[in-house]
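Before any comments, here is the structure.
Scope of the values below: all heavy atoms of this structure, side chains included, with no hydrogens, waters or symmetry mates. Order of the sequence lines fixes the chain letters, A, B, ..., with proteins taken first and strands second; residue numbering starts at 1 for each chain.
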There are 2 protein chains.
Amino acid sequence: MADAVDLSPLTLNRLSLYLRCLGDLEERGVSRVSSHELARRYHLSAAQIRKDLAQLGEFGIRGVGYDVRHLAARLHSRLGLDRRHPVLIVGMGNLGSALARYPGFNQGCFEVVAGIDNDPQKVGRKIGAITVRSTRDLRRLARETGAEIACLAVPAEAAAENFLALCEAGIKSVLNFAPVRLEPRRGVRVKNVDLRTGLEELAYFLRE
Amino acid sequence: MADAVDLSPLTLNRLSLYLRCLGDLEERGVSRVSSHELARRYHLSAAQIRKDLAQLGEFGIRGVGYDVRHLAARLHSRLGLDRRHPVLIVGMGNLGSALARYPGFNQGCFEVVAGIDNDPQKVGRKIGAITVRSTRDLRRLARETGAEIACLAVPAEAAAENFLALCEAGIKSVLNFAPVRLEPRRGVRVKNVDLRTGLEELAYFLRE
DNA sequence: AGATGTGAATGAGTTCACAGCT
DNA sequence: AGCTGTGAACTCATTCACATCT
């Protein structure tokens, strides 16, 4: 099957998940795995795993399963994880600071290269491996670091203006933690991560 | 339309979103709003808003729109947000500490009532409004606070055992931040929030 | 006139079931 | 014999279009 097809976000998120499962298997020294085995171990659906993987081409071995390392490498490159991704964090409050130190944001191809805040009190402070910089340096920072991805972790009321600044600094993708719908901008992809929504979903299912 | 129908998680998340939009409108002093106006302001779909809201019963006014306060109140109660929800946080590392102080987790019906960690160094420390408690106190804490919801913010390798402990302490809903699929337990609802997946999704769309 | 509420049409995503390969 | 890869069936979700009400 062709390599150019676009994957849906749903498929994409599952592929990320499979990749992590494969990493786990690799660590455990497992070298081959079937869709059923994957499903059993990680509570997934075998049919769906096959459908998802089939979109990346045929490289399962019928009667046997998949080669763990080969599959992981294929996923890796298909997901765009085979090149470095510097990440900027805007808003170094509690959440921004936690993200800067979050292992998942500083592993493999991802690296948090700078934190940005407009509070002069915070500028210059070291948080984890990075130093907090002023919002005014945003454009220069983006250019110098080559960052295309930014996390927006500012309060709701500051989200719109900071998002605009990110767009103007040439950022291409934004992971938005502010509980706000950002005005769509062409050429800039936004993924909203609303932590509160998760809680509300759980609360719903607690009604008797 | 009946009140007993179960809402899908997708619908549910949008209803949460609408609720926040209505809050914003209320603050701005807007008292009536149409589905089109909501869609325009917050970049949503008018048809979908109507479909979603219709599931909660008829209380729009044809030719006019919806009463902002009335609609907000209805959503509120339908989502189960009209009673208090004490929240426990397990794992007081960077992420757990940030969540404990996160405004969205300490607003309205939600309140973080305790943080839990098995590191004796951390036990007793104050973080935001709460004090860190030992994992051994989990069961008692759950009973005393009446918490039904917990956030799991421990490293991947500690997730399974802590999840088990939560289940045994009688927790009903878990917001899981660990990049791990938890073994399903009947009677316990899990919502996975994987921050890394968000980054990976963005990285995918940066491939040329 | 203008907006809601809703069946009908369309589209997306998942599961089934089995042909085909190793 | 066993597992992949995939069309077909099915379920779930969104969009359309309009009758219905204020």
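Residue B:Ser8 places at least one side-chain N or O closer than 4.0 Å to OP1 or OP2 of D:dA13. Residue A:Tyr66 has a polar side-chain atom (N or O) positioned under 4.0 Å from OP1 or OP2 of D:dG5.
Side-chain proximity of B:Ala47 to the nucleotides C:dT4, D:dC16, D:dG5 is greatest for D:dC16. Side-chain proximity of B:Arg50 to the nucleotides D:dT4, C:dT4, D:dG5 is greatest for C:dT4.
Exactly one residue among B:Arg83, B:Arg84, B:Arg143 makes a salt bridge (Lys or Arg N to Asp or Glu O under 4.0 Å) with B:Glu148. That residue is B:Arg83.
Toward the 5′ end of DNA chain C lies the nearest nucleotide of A:Lys51, the other residue of the pair A:Val64 and A:Lys51 mapping further downstream.
Among the atoms of the strands shown, none is found under 4.0 Å from any heavy atom of A:Arg32. Using a 4.0 Å heavy-atom distance criterion, B:Ser35 is classed as a sugar-phosphate-only contact. When heavy atoms are screened at a 4.0 angstrom cut-off, B:Leu10 is found touching the sugar-phosphate backbone but no base atom. Within 4.0 Å of A:Ser45, counting heavy atoms only, lie sugar-phosphate atoms of the nucleic acid but no base atom.
Here the P atom of nucleotide C:dT4 and the NE2 atom of B:His70 are 15 Å apart, to the nearest Å. In this structure, B:Tyr18 atom OH and C:dT4 atom P are separated by 12 Å, rounded to whole Å. With rounding to whole Å, A:Leu71 atom CG is found 10 Å from D:dG5 atom P. For the pair A:Gln48 CD and D:dT6 P, the interatomic distance rounds to 16 Å; values are reported in whole Å. Nucleotide D:dA13 holds its C1' atom 14 Å from the CG atom of B:Asn13, rounded to whole Å. The distance between atom CG of A:Asp52 and atom P of C:dT14, rounded to the nearest whole Å, is 7 Å. Put simply, CZ on A:Arg40 is 17 Å from C1' on D:dG2, counting in whole angstrom units. Between the CD1 atom of B:Ile49 and the C1' atom of C:dA3 there is a distance of 13 Å, rounded to whole Å.
Residues A:Leu17 and A:Leu44 form a side-chain contact, since some pair of their non-hydrogen atoms from C-beta on lies under 4.5 Å apart. Between A:Thr11 and A:Leu15, the closest side-chain pair of non-hydrogen atoms falls below 4.5 Å.
Electrostatic pairing of A:Arg69 and A:Glu26 counts as a salt bridge here, judged by a charged N lying under 4.0 Å from a carboxylate O. Between B:Arg20 and B:Asp24 there is no salt bridge, since none of the side-chain N atoms of the basic residue sits less than 4.0 Å from a carboxylate O of the acidic one.
B:Arg62 contributes a side-chain N or O that forms a donor-acceptor pair with the base of C:dT4 under 3.5 Å.
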